[in-house]
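Everything below concerns the one structure shown next.
Computed from a predicted structure; not experimentally measured.
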Amino acid sequence: MATQTITVIPGDGIGPDIIDATIKILDKAGCDFAYEYADAGLTALENHGDLIPESTLALIQKNKIALKGPLTTPVGEGFTSINVTLRKHFQLYANVRPVISFKGTKARYEDINIITVRENTEGMYSGLGQILSEDGEVAEAKSLITREGAERILTFAYETAIKEGRKKVTAVHKANILKSTSGLFLKVAREVAARYPQIESTEMIVDNCCMQLVMNPEQFDVIVTTNLFGDILSDLCAGLVGGLGMAPGANIGGDCAIFEAVHGSAPDIAGKNLANPTSVILAAIQMLEYLDMGDKASKIRDAITDVIATGDRTTRDLGGTHGTTDFTQAVLERLEA
């Protein structure tokens with residue numbers, strides 16, 4: 001069997017440290033990957049004069065699999081979100097954000113296990129119709145929903161539910177107000193739901209969904225929704241299990257996938273050996289599952305679960321007093337057992 005090559009994008013701020021920790025864990029778990037490194041974000045802008053160099057795009061295209069640390073898009077006019085650009089360039093239409101409760105965190109809830117499936121290329125993030133009047137008084141943006149895009153992401157959500165042994169899919173919308181765009185999404189959601197009678201299908205208006213996630217999150221299993229709503233809801237779900245440091249993300253297309261930490265680059269703690277690498281480690285677990293390496297994924301998940309549950313060398317955000325290297329070492333020791 002040929003060795004799988006992974007494109008690794010360390011990213012900015014704390015990115016290089018948490019990516020390095022994750023690579024060590026993958027190697028210790030016996031994944032036997034080859035790695036090719038590429039720049040993106042501020043690091044790429046400094047080194048290559050471009051936030052996403054053509055060489056980086058070519059490397060992702062060649063290897064089809066990428067593991068990415070947090071990237072910084074400079075604030076100001078003229079800079080497009082790097083993550084949005086990557087998703088659109090490679091048609092990574094599905095953003096998959098699972099959140100699972102870990103004993104030992106400071107989370108307010110226990111027994112949370114929710115997957116948010118977010119359409120990744122359309123909606124308010126399509127980039128269409130971005131207009132600012134000459135006097136700067138009026139701004140416009142266009143939301144695009146297509147039947148093809150809606151059906152694709154809804155089908156993906158139901159297939160994910162079946163693959164993961166889930167029992168319920170909730171389609172989230174705002175069709176009561178956004179009758180054209182959300183209305184089309186909801187119509188297609190009902191059509192797709194009818195094809196999966198073995199899965200319980202529900203629908204919920206997005207504002208009610210936010211309230212229900214806070215009041216009774218245990219009622220949710222798989223959530224599927226459009227781009228903007230998915231961005232907001234997936235961060236809300238991360239808050240249920242301890243924050244973005246405990247939440248991974250996968251961006252999946254027809255033949256390419258990028259797995260990432262979903263939190264920011266945290267420049268204030270960069271290089272200080274303080275960052276919690278859990279988010280990108282969990283993203284690597286998603287990557288292993290995507291590659292049908294479930295045994296390795298389970299091995300790493302068991303190790304990190306035990307480290308957090310026992311409080312063994314955990315980082316400050318997890319209630320400990322240790323840093324990235326100590327936390328990583330605690331995981332590595334369990335992988336040796």
Point to revise | Over all atoms of both residues, closest heavy-atom pair of Pro10 and Ala38 | key: CD-O, 3.4 Å
Practice item. Measure from NZ or CZ of Arg152 to the centre of the six-membered ring of Tyr93 and say whether it is under 6.0 Å with the direction within 45° of the ring axis. Key: yes
**Study point:** Thr324 OG1 to Ile14 CD1 distance, which is reported to the nearest 0.5 Å
**Key:** 7.5 Å
Check your understanding: Can you check side-chain contact (heavy atoms from CB on, under 4.5 Å) on Leu318 and Thr315, steps first, answer last?
Key -> CA-CA 5 Å; Leu318 293 172; Thr315 52; 3.9 Å; yes
Review point. Backbone N or O of Ile52 within a donor-acceptor pair of the Thr56 side chain at under 3.5 Å?
Key: no
Practice item. Flag yes if Ile100 and Leu244 sit in one hydrophobic cluster, no otherwise; membership is Ile, Leu, Val, Met, Phe, Trp, Tyr, and two members link when side-chain heavy atoms are under 4.5 Å apart. Key: no
Practice item. Among Arg118, Lys68, Arg87, Gln91, find the residue that satisfies the side chain to side chain donor-acceptor pair (under 3.5 Å) test when tested with Asn251. Key: Arg87
Review point. Do other residues, nucleotides or ligands put more than 12 heavy atoms under 6.0 Å from the CD atom of Gln212?
Key: yes
Check your understanding: So if you build clusters from Ile, Leu, Val, Met, Phe, Trp, Tyr with side-chain heavy-atom gaps below 4.5 Å, do Val169 and Leu233 land together?
Key -> yes
Review point. Can you list the steps and then say if Ile25 with Leu332 is a side-chain contact (heavy atoms from CB on, under 4.5 Å)?
Key: CA-CA 6 Å; Ile25 288 167; Leu332 294 173; 3.9 Å; yes
Check your understanding: Taking NZ, NE, NH1 and NH2 as the nitrogens, is one of them in Lys62 or Glu36 under 4.0 Å from a carboxylate oxygen of the other?
Key -> yes
Point to revise | Where Arg334 and Ala303 come nearest, the two heavy atoms and their spacing | key: CD-O, 3.5 Å
Review point. About how many Å separate CG of Leu288 and NZ of Lys296, when rounded to the nearest 0.5 Å?
Key: 8.5 Å
Check your understanding: In terms of heavy-atom contacts, does NZ of Lys168 have more than 12 from other residues, nucleotides or ligands at under 6.0 Å?
Key -> yes
Review point. Distance from Arg97 atom CZ to Gln286 atom CD, nearest 0.5 Å?
Key: 9.5 Å
Review point. Which is it for Glu200 and Arg166 under the salt bridge (Lys or Arg N to Asp or Glu O under 4.0 Å) test, yes or no, and what are the steps along the way?
Key: CA-CA 9 Å; Glu200 179 186 354; Arg166 302 301 182 113; over 6 Å; no
Check your understanding: Does the Gln219 side chain pair with the main chain of Asn216, one donor and one acceptor, at a distance under 3.5 Å?
Key -> yes
Exercise for review: Decide, yes or no, whether a salt bridge links Arg313 with Glu333 under the criterion of side-chain N to carboxylate O below 4.0 Å.
Suggested key: yes
Review point. Given side chains that start at C-beta, do those of Ile223 and Leu213 come closer than 4.5 Å, heavy atoms only?
Key: yes
Check your understanding: Quick one: does Ser182's side chain have a donor or acceptor within less than 3.5 Å of a partner on Lys179's backbone?
Key -> no
Check your understanding: Backbone N or O of Gly13 within a donor-acceptor pair of the Ser265 side chain at under 3.5 Å?
Key -> no
Point to revise | Minimal non-hydrogen separation, Pro53 against Asp39, with atom names | key: CD-O, 3.5 Å
Study note, to complete from the structure: In this structure, CG of Asp231 is separated from CG of Leu236 (nearest 0.5 Å) by 11.5 Å
Check your understanding: Heavy-atom count around Glu110 CD within 6.0 Å, excluding the residue itself: above 12?
Key -> no
**Study point:** Any Ser279 side-chain heavy atom under 4.5 Å of Met246 side chain
**Key:** no
Check your understanding: Looking only at heavy atoms, which two atoms of Val224 and Leu154 are closest? And how far apart?
Key -> CG1-CD2, 3.7 Å
Review point. If you measure from the Lys or Arg side-chain nitrogens to the Asp or Glu carboxylate oxygens, is any gap between Lys163 and Glu289 under 4.0 Å?
Key: no
Point to revise | Trace of the side-chain hydrogen bond (donor to acceptor under 3.5 Å, both in side chains) decision for Ser143 with Thr181 | key: CA-CA 7 Å; Ser143 178; Thr181 49; 4.6 Å; no
Revision key, fill the gap. Closest non-hydrogen contact found for Tyr37 with Leu59 is O-CD2, 3.7 Å
Review point. Do Asn95 and Glu119 have side-chain heavy atoms sitting under 4.5 Å apart?
Key: no
Point to revise | Side-chain touch Tyr196/Val192, heavy atoms, less than 4.5 angstrom | key: yes
Exercise for review: Begin from the C-alpha positions of Thr5 and Asn63 and carry the test side-chain hydrogen bond (donor to acceptor under 3.5 Å, both in side chains) through to its verdict.
Suggested key: CA-CA 6 Å; Thr5 301; Asn63 294 326; 4.6 Å; no
**Study point:** Heavy-atom neighbours of Asn47 CG exceed 12 at 6.0 Å
**Key:** yes
**Study point:** Asp221 and Lys167 ion-paired at < 4.0 Å
**Key:** no
Check your understanding: Can you tell me how far CG of Asn227 sits from CD of Glu122, rounded to the nearest 0.5 angstrom?
Key -> 8.5 Å
Review point. According to the side-chain hydrogen bond (donor to acceptor under 3.5 Å, both in side chains) rule, which pairs have a member within residues 19-30, sequence neighbours left out?
Key: Asp20-Lys24, Asp27-Tyr35, Lys28-Glu336
Check your understanding: Does the Thr7 side chain pair with the main chain of Ala66, one donor and one acceptor, at a distance under 3.5 Å?
Key -> no
Check your understanding: Honestly curious: do Ile19 and Ile65 fall in one hydrophobic cluster under the side-chain, below-4.5 Å linking rule?
Key -> yes
Check your understanding: Do you reckon Ile258 sits in the same ILVMFWY cluster as Ile18, going by side-chain contacts under 4.5 Å, direct or chained?
Key -> no
Check your understanding: Passes side-chain hydrogen bond (donor to acceptor under 3.5 Å, both in side chains), Ser81 versus Asn83? Steps please.
Key -> CA-CA 5 Å; Ser81 167; Asn83 289 329; 5.1 Å; no
Exercise for review: Answer yes or no: is there an ion pair linking Asp317 with Lys106, defined by an N-O contact shorter than 4.0 Å?
Suggested key: no
Point to revise | 4.5 Å side-chain heavy-atom contact, Phe102 and Val307 | key: no
Study note, to complete from the structure: When rounded to the nearest 0.5 Å, the distance separating OH of Tyr109 from CD1 of Ile112 is 7.5 Å
**Study point:** Test applied, side chain to side chain contact (heavy atoms under 4.5 Å, CB included); reference residue, Val96; option that passes from Val222, Ile252, Thr116
**Key:** Ile252
**Study point:** Asp312 versus Ala330, closest heavy-atom pair with distance
**Key:** O-CB, 3.7 Å
Review point. Should Thr325 and Asn273 be marked as a side-chain hydrogen bond (donor to acceptor under 3.5 Å, both in side chains) after you check the CA-CA gap, both sets of side-chain angles, and the distance that decides it?
Key: CA-CA 7 Å; Thr325 54; Asn273 191 31; 3.1 Å; yes
Review point. Any salt bridge between Arg147 and Glu191, counting N to O under 4.0 Å?
Key: yes
Exercise for review: Could you tell me whether a side-chain N or O of Ser133 sits under 3.5 Å from a main-chain N or O of Val138, the two making a donor and an acceptor?
Suggested key: yes
Review point. Under the 3.5 angstrom rule, does the side chain of His48 hit a backbone N or O of Asp50 as a donor-acceptor pair?
Key: no
Review point. Would a hydrophobic clustering, with Ile, Leu, Val, Met, Phe, Trp and Tyr connected at side-chain separations under 4.5 Å, put Val262 with Ile281?
Key: no
Practice item. Could you give me the CA-CA distance, side-chain angles and deciding distance for Phe185 and Ile153, then say whether side-chain contact (heavy atoms from CB on, under 4.5 Å) is met? Key: CA-CA 10 Å; Phe185 181 81; Ile153 196 64; 4.1 Å; yes
Practice item. Could you walk me through whether Phe327 and Ile304 pass side-chain contact (heavy atoms from CB on, under 4.5 Å), step by step? Key: CA-CA 9 Å; Phe327 180 90; Ile304 198 168; 4.0 Å; yes
